[in-house]
Amino acid sequence: MSRPELGAVVGALAVFVFFSVVADSFLETSSLSTVLYASSTIGIMAVPVALLMIGGEFDLSTGVMVTSSALVSSMFSYQMTANVWVGIGVSLLVTLAIGVFNGVMLSRTKLPSFIITLGTFLMLTGLNLGLTKQISGTVSTKSISDMEGFPAAQKVFASQLTLFDVDFQVTILWWFGLVAVATWVLLRTRAGNWIFAVGGGSDAARAVGVPVARTKIGLYMGVALAAWISGQHLLFNYDVVQSGEGVGNELIYIAAAVIGGCLLTGGYGSAVGAAVGAFIFGMTSKGIVYAQWEPDWFKFFLGAMLLLATLLNAWIRKRAEAS
């Protein structure tokens, strides 16, 4: 009862049973592949966002940061006529620098993370559009599919793996890997103890020797690393990137973490719970399609699940604390 992901697991089972009944094709193996792929694109970001929320902070720039990562890789490789791996490396440095910027600004200014990352969100949104139009002349990047290194990079970030005659996207492996690493960090390392301590109370954590500033900067860098992975998948899966993509996705990542058991006040949650929350999103988005419902209802179902999951998580936590 004390596990933060319990409510999400119960919700996931309910959603699975529901769509299994109302959508005949939901249980097909190919449908599972599609659901897992949709879940992985959310889950890759939801996991580090969950760790950040456990540490007591938010990041509203995650959606556009993914797009920024893809744009830097594409435009640097194209403009410099370099091997795409050079662009990928530059993108990694730039994206991590954005994470460091958010963490340092938070530590130095003492402003709420909501304000700092909202500012980063607005700046990145403008930079994505403005620089893309300035460099490319349009709102999208040029194709780099014929450049050296593209096939190898595509295998790493956007390939498909065949299992039992069904194709699965490699992002599913990235997602599972991040969940495993994040869970190990939270439950088996000193850094995990620091994350819970900082989220529970920064002043108390600092008083017992926890490096609060370094912990929060590291969490923002973890979010940036996941944004880089998602951005490279976006680029090498579609080849061309639209500069306006990603706006609004940050709320989905946060919602997946909350559904997975993370508290908005920090100090409580799990990486597994965030993964289950992302899986609920994936099942719902594709289940509505398989049930042949109007897709306009998707956001309604997500909002309802967010409220119900939050209420269920709060009830479970109260019962666990009382016992």
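We count residues from 1, following the sequence as given.
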Answer yes if [X] and [Y] sit in the same cluster of Ile, Leu, Val, Met, Phe, Trp and Tyr residues linked by side chain heavy atoms under 4.5 Å apart, and no otherwise.
X      : Y      : value
Leu129 : Leu122 : no
Val258 : Leu251 : no
Leu118 : Phe101 : yes
Met53  : Leu111 : yes
Leu51  : Leu96  : yes

Heavy-atom closest pair, residues [X] and [Y]:
X      : Y      : result
Ile44  : Ser230 : CG2-OG, 3.3 Å
Val170 : Ala158 : CG1-N, 3.7 Å
Asp59  : Met65  : OD2-CE, 3.8 Å
Thr95  : Ala227 : CG2-CB, 4.3 Å
Ser243 : Thr67  : O-CG2, 3.9 Å
Phe150 : Asp239 : CE1-OD1, 3.9 Å

> So, Thr120 versus Ser61: side-chain donor-acceptor pair below 3.5 Å or not?
Replying inline: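 The answer is no; no qualifying pair exists.
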
> Hey, are Ser145 and Ser143 close enough side-chain-wise for a donor-acceptor pair under 3.5 Å?
Replying inline: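 Result is yes, a qualifying pair exists.
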
>> Among residues at least two apart in sequence or on other chains, which ones pass salt bridge (charged side-chain N to carboxylate O under 4.0 Å, His left out) with Asp203?
In response: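 Only Arg206 meet the salt bridge (charged side-chain N to carboxylate O under 4.0 Å, His left out) criterion with Asp203.
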
> Hey, do the aromatic rings of Phe19 and Tyr290 have their centres closer than 6.0 Å?
Replying inline: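 For Phe19 and Tyr290, the ring centres are not under 6.0 Å apart.
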
Judged by atom type as modelled, is there a donor-acceptor pair below 3.5 Å linking the side chain of [X] to the main-chain atoms of [Y]?
X      : Y      : value
Glu250 : Thr62  : no
Thr125 : Phe121 : yes
Trp184 : Thr189 : no
Thr138 : Ser140 : yes
Ser285 : Phe281 : yes
Ser33  : Val166 : no
Ser40  : Gly43  : no
Thr81  : Ser77  : no

Listed partners of [X] passing side chain to side chain donor-acceptor pair (under 3.5 Å), at least two apart:
X      : answer
Thr162 : Asp167
Asn83  : none
Asn237 : Tyr37
Ser69  : Ser91, Gln232

How would you list, by chain and number, every residue that makes a side-chain contact (heavy atoms from CB on, under 4.5 Å) with [X], sequence neighbours excluded?
X      : value
Tyr78  : Lys142, Ile144
Asp24  : none
Phe196 : Ile54, Leu186
Val179 : Val47, Trp175, Thr183, Val272, Ala275

For the atom pair [atom1] ([X]) and [atom2] ([Y]), what is the distance rounded to the nearest 0.5 Å?
X      : Y      : atom1 : atom2 : value
Leu71  : Ile135 : CG    : CD1   : 9.5 Å
Leu187 : Asn193 : CG    : CG    : 9.5 Å
Thr141 : Gln242 : OG1   : CD    : 7.5 Å
Ser68  : Asn128 : OG    : CG    : 3.5 Å
Leu178 : Leu173 : CG    : CG    : 11.0 Å
Thr34  : Gln169 : OG1   : CD    : 10.0 Å

> How would you list, by chain and number, every residue that makes a ring pair (Phe, Tyr, Trp, His ring centres under 6.0 Å) with Trp174, sequence neighbours excluded?
Replying inline: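 Testing Trp174 for ring pair (Phe, Tyr, Trp, His ring centres under 6.0 Å), a comparison that skips the adjacent residues, returns Phe157.
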
>> Applying ring pair (Phe, Tyr, Trp, His ring centres under 6.0 Å), can you list everything that pairs with Phe18, at least two apart in sequence or on another chain?
In response: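 Residues passing ring pair (Phe, Tyr, Trp, His ring centres under 6.0 Å) with Phe18: Trp293.
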
>> Working note: Asn102 + Thr117, criterion side-chain hydrogen bond (donor to acceptor under 3.5 Å, both in side chains); need CA distance, chi angles, decisive distance, verdict.
In response: CA-CA 7 Å; Asn102 283 335; Thr117 58; over 6 Å; no

Considering only heavy atoms from C-beta outward, does the side chain of [X] approach that of [Y] to under 4.5 Å?
X      : Y      : result
Val35  : Phe279 : yes
Phe168 : Gln160 : no
Val66  : Asn249 : no

> Under the side-chain contact (heavy atoms from CB on, under 4.5 Å) criterion, do Thr132 and Val139 qualify, and how do the steps go?
Replying inline: CA-CA 6 Å; Thr132 304; Val139 295; 5.6 Å; no

> Should Phe16 and Leu27 be marked as a side-chain contact (heavy atoms from CB on, under 4.5 Å) after you check the CA-CA gap, both sets of side-chain angles, and the distance that decides it?
Replying inline: CA-CA 9 Å; Phe16 181 82; Leu27 293 178; 3.5 Å; yes

Pairs of donor and acceptor atoms involving the side chains of residues 211-226, under 3.5 Å and at least two apart or interchain, shall be tabulated with distances.
residue: Thr215; atom: OG1; partner: Pro211; partner atom: O; Å: 2.8
residue: Lys216; atom: NZ; partner: Glu57; partner atom: OE2; Å: 2.5
residue: Lys216; atom: NZ; partner: Ser202; partner atom: OG; Å: 3.3
residue: Tyr220; atom: OH; partner: Phe58; partner atom: O; Å: 2.7

> Got a sec: does the CD of Gln79 have more than 12 other heavy atoms crowding it under 6.0 Å?
Replying inline: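 Yes, enclosed.
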
> What's the verdict on side-chain contact (heavy atoms from CB on, under 4.5 Å) for Met75 and Ser136, showing C-alpha distance, side-chain angles and the deciding distance?
Replying inline: CA-CA 8 Å; Met75 290 192 291; Ser136 302; 4.0 Å; yes

